[in-house]
Amino acid sequence: SSDVEFVPDVQSVHVVCDDAVDVSAECEFVLQLDGGTDTTTTLKTKFDGGGTASTALEVEHALEKLDGINDVVVTAGTAQDGISADAFKGSSWDVTFVSPVGDVGNLVVLDTDGTTYTPESGDSDNVVELVKGESGLGGTFSVAYEGHYSRDIAFDASAATVKTRLQEIASVDEVNV
């Protein structure tokens, strides 16, 4: 057993929009969890000439609707490394993952149509992991059914692996996991 404490994963999302682009189109984007298939609702970043960015609460609510994210805390982010807060012309948010626990895949900035974010001249995006999450979970378990036991199953085993291990039990024919 391990006494490692839970350390939440913290990521900082930075999106810059240059007012050289058509500002009537706003500077909009969506976020996706790396490896995920769904995206957030449309979010906004401020642009060099002004504009209104999505609030931390709006980003938080949008992220919590994604598959695989149950609870996050979003705060106003810090400027990118090496850029003074006064010179930073975009928007940034710091995202603390409460659930899921542990190391979470990075967020990905996408265009509003879900394709790769393709910045115009002067635009950019960046996601930085500020704190690598640790779950403190580990080990294996086994399942007993009618006096028969499964082989060890890793705590983070995929559904397919759990299904295979359960179906290896002599008294089990077929299961859905």
Any side-chain heavy-atom pair of N176 and K163 under 4.5 Å: yes

D71 side chain near E64 side chain, heavy-atom distance below 4.5 Å: yes

Mind checking the [atom1]-[atom2] spacing from [X] to [Y]? Nearest 0.5 Å is all I need.
X: E60; Y: I69; atom1: CD; atom2: CD1; answer: 11.0 Å
X: L166; Y: D173; atom1: CG; atom2: CG; answer: 12.5 Å
X: L33; Y: F97; atom1: CG; atom2: CZ; answer: 6.0 Å
X: S135; Y: D9; atom1: OG; atom2: CG; answer: 11.0 Å
X: L57; Y: T75; atom1: CG; atom2: OG1; answer: 12.0 Å
X: K44; Y: T52; atom1: NZ; atom2: OG1; answer: 7.5 Å

Taking all non-hydrogen atoms of both residues, which atom of [X] and which atom of [Y] are closest, and how far apart?
X: D94; Y: S12; value: OD1-OG, 2.6 Å
X: R165; Y: S150; value: O-CB, 3.9 Å
X: A170; Y: H148; value: CB-CD2, 3.9 Å
X: V98; Y: F6; value: O-CZ, 3.7 Å
X: A53; Y: S91; value: CB-OG, 3.1 Å
X: D103; Y: K132; value: OD2-NZ, 2.7 Å

T40 and H61: CA distance, side-chain angles, deciding distance, side chain to side chain contact (heavy atoms under 4.5 Å, CB included) verdict: CA-CA 9 Å; T40 63; H61 286 230; over 6 Å; no

For [Y], does its backbone N or O pair with a side-chain atom of [X] as donor and acceptor, under 3.5 Å?
X: D34; Y: N106; answer: no
X: D111; Y: D113; answer: no
X: Q11; Y: L107; answer: yes
X: S99; Y: N70; answer: no
X: T96; Y: V10; answer: no
X: E28; Y: T42; answer: no
X: D38; Y: D67; answer: yes

Same cluster (ILVMFWY, side-chain, under 4.5 Å), Y149 and V172: no

Identified side-chain contact (heavy atoms from CB on, under 4.5 Å) partner of V13 from the options V109, V108, V128, L43: V109

Residues 136-145, side-chain donor-acceptor partners within the protein, below 3.5 Å, at least two apart:
none

